[in-house]
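Everything below concerns the one structure shown next.
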Amino acid sequence: MTKLAQWLCGLALLGSAWAALALAPPGLQPPGPLRQALLPLPVYLLVAFGCYSLATVGYRLATFNDCEEAAAELQEHIRAARADLRRRGLRL
Amino acid sequence: SGIDFEIIIIDDGSPDGTQEVAQQLEKIYGSDKILFLFPSGTAYIHGMKFATGDFIVIMDADLSHHVRLHVIYPVFLIKPIVYRKQKEGNFDIVSGTRYKGNGGVYGWDLKRKLISRGANFLTQVLLRPGASDLTGSFRLYRKEVLQKLMEKCVSKGYVFQMEMIVRARQLGFTVGEVPISFVDRVYGESKLGGNEIVSFLKGLLTLFATT
């Protein structure tokens with residue numbers, strides 16, 4: 001199953017469960033407070049996911065390592081490489 | 001370092017002088033150690049036909065990857081961090097990651113980092129790939145694994161890298177990770193324009209819908 005298919009199935013499942021409970025005809029409705037919480041649930045979840053995304057990306061951005069010493073080491077190796085290769089006949 | 005290696009340099013047409021240098025290196029070290037090939041279609045597939053080892057490492061040749069595996073200068077000690085990782089867990093693939101451990105980047109401004117992390121987050125949510133860095137292009141593959149994946153993968157560029165890992169997981173191959181430092185291109189121009197972002201998104205959505 002493709003990822004898209006998985007998502008569609010998941011959404012269909014949750015969506016129908018939500019619709020069954022939240023939009024049920026008067027006879028089959030769950031008790032008052034539960035129903036009140038249920039109705040806006042999709043929007044709440046969306047907003048919660050949005051916040052989670054922002055927080056996660058923000059955190060990862062802040063902790064993105066800067067490799068100072070790797071860069072310095074690389075420059076050093078390049079220098080050594082050029083010197084050695086020039087000795088062996090490489091012309092840049 | 002005791003590890004047998006050969007280096008195959010493939011010029012995929014980038015106009016940055018790789019060609020002349022590679023040809024000279026081939027003369028200096030002999031063509032059993034360094035082989036220079038012209039592009040024909042997909043660079044990787046072409047190069048694979050000439051590789052004789054059991055493991056294949058694919059990386060950018062403009063010194064942007066620095067995992068202490070130095071490419072253009074074979075006399076450098078190949079400190080086989082990647083190779084050791086493979087032995088450690090007998091992985092089918094070892095992928096370099098900029099996002100974990102002491103991996104990272106150098107020379108990226110905030111905007112570039114943000115785009116990178118944002119794109120990676122989106123990728124993780126949509127594809128749940130089981131690897132932290134899909135667009136870094138430093139990886140070690142078992143030769144048979146690489147051949148199998150080449151047959152199955154259809155995309156190009158960034159997306160090709162991503163597709164490889166996604167397909168690998170689907171086929172049940174194991175993927176290990178090592179941190180790598182990505183020093184922004186020492187030579188040559190770094191590319192991340194609007195076009196790249198759009199094509200990345202298109203590729204991501206394609207993978208989402210087809211894998």
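FYI, side chains are in, hydrogens and waters are out, and symmetry mates aren't considered; it's all heavy atoms of this structure. Note that the structure is a prediction, hence the values are computed from the model and not measured. Naming: A, B, ... by sequence-line order, numbering from 1 per chain.
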- Item | Whether B:Phe121 and A:Tyr52 hold their rings parallel, tilted or perpendicular, with breakpoints at 30° and 60° | tilted
[X] side, atom [atom1]; [Y] side, atom [atom2] - distance, nearest 0.5 Å:
X        : Y        : atom1 : atom2 : value
A:Cys67  : B:Asn102 : SG    : CG    : 7.5 Å
A:Gln6   : B:Phe208 : CD    : CZ    : 8.5 Å
B:Asn120 : A:Thr56  : CG    : OG1   : 11.5 Å
B:Thr206 : A:Leu4   : OG1   : CG    : 11.0 Å

- Can you find a pair of side-chain heavy atoms, one from B:Leu114 and one from A:Phe64, that are under 4.5 Å apart? no
- Is there side-chain contact between B:Leu126 and A:Trp7, with at least one heavy-atom pair below 4.5 Å? yes
- Task: Give, as side chain, backbone, both or neither, the part of B:Leu207 having an atom under 4.5 angstrom from any heavy atom of chain A.
- Result: neither
- Is it the backbone or the side chain of B:Val166 that comes under 4.5 Å from a heavy atom of chain A, or both, or neither? neither
- Is the backbone N or O of B:Tyr106 less than 3.5 Å from a side-chain atom of A:Asp66, with the two atoms forming a donor-acceptor pair by type? no
- Message: How close do B:Arg117 and A:Val57 get, counting heavy atoms only, and between which atoms?
- Response: CB-CG1, 4.2 Å
- When heavy-atom pairs shorter than 4.5 Å are enumerated against chain A, which of B:Lys113, B:Arg98, B:Gln170 gives the highest number? B:Lys113
- Applying side-chain contact (heavy atoms from CB on, under 4.5 Å), run through A:Arg60 and B:Tyr99 and close with a yes or a no. CA-CA 8 Å; A:Arg60 289 176 179 175; B:Tyr99 300 131; over 6 Å; no
- Task: Heavy-atom distances under 4.5 Å only: say whether A:Tyr59 touches chain B with side chain, backbone, both or neither.
- Result: neither
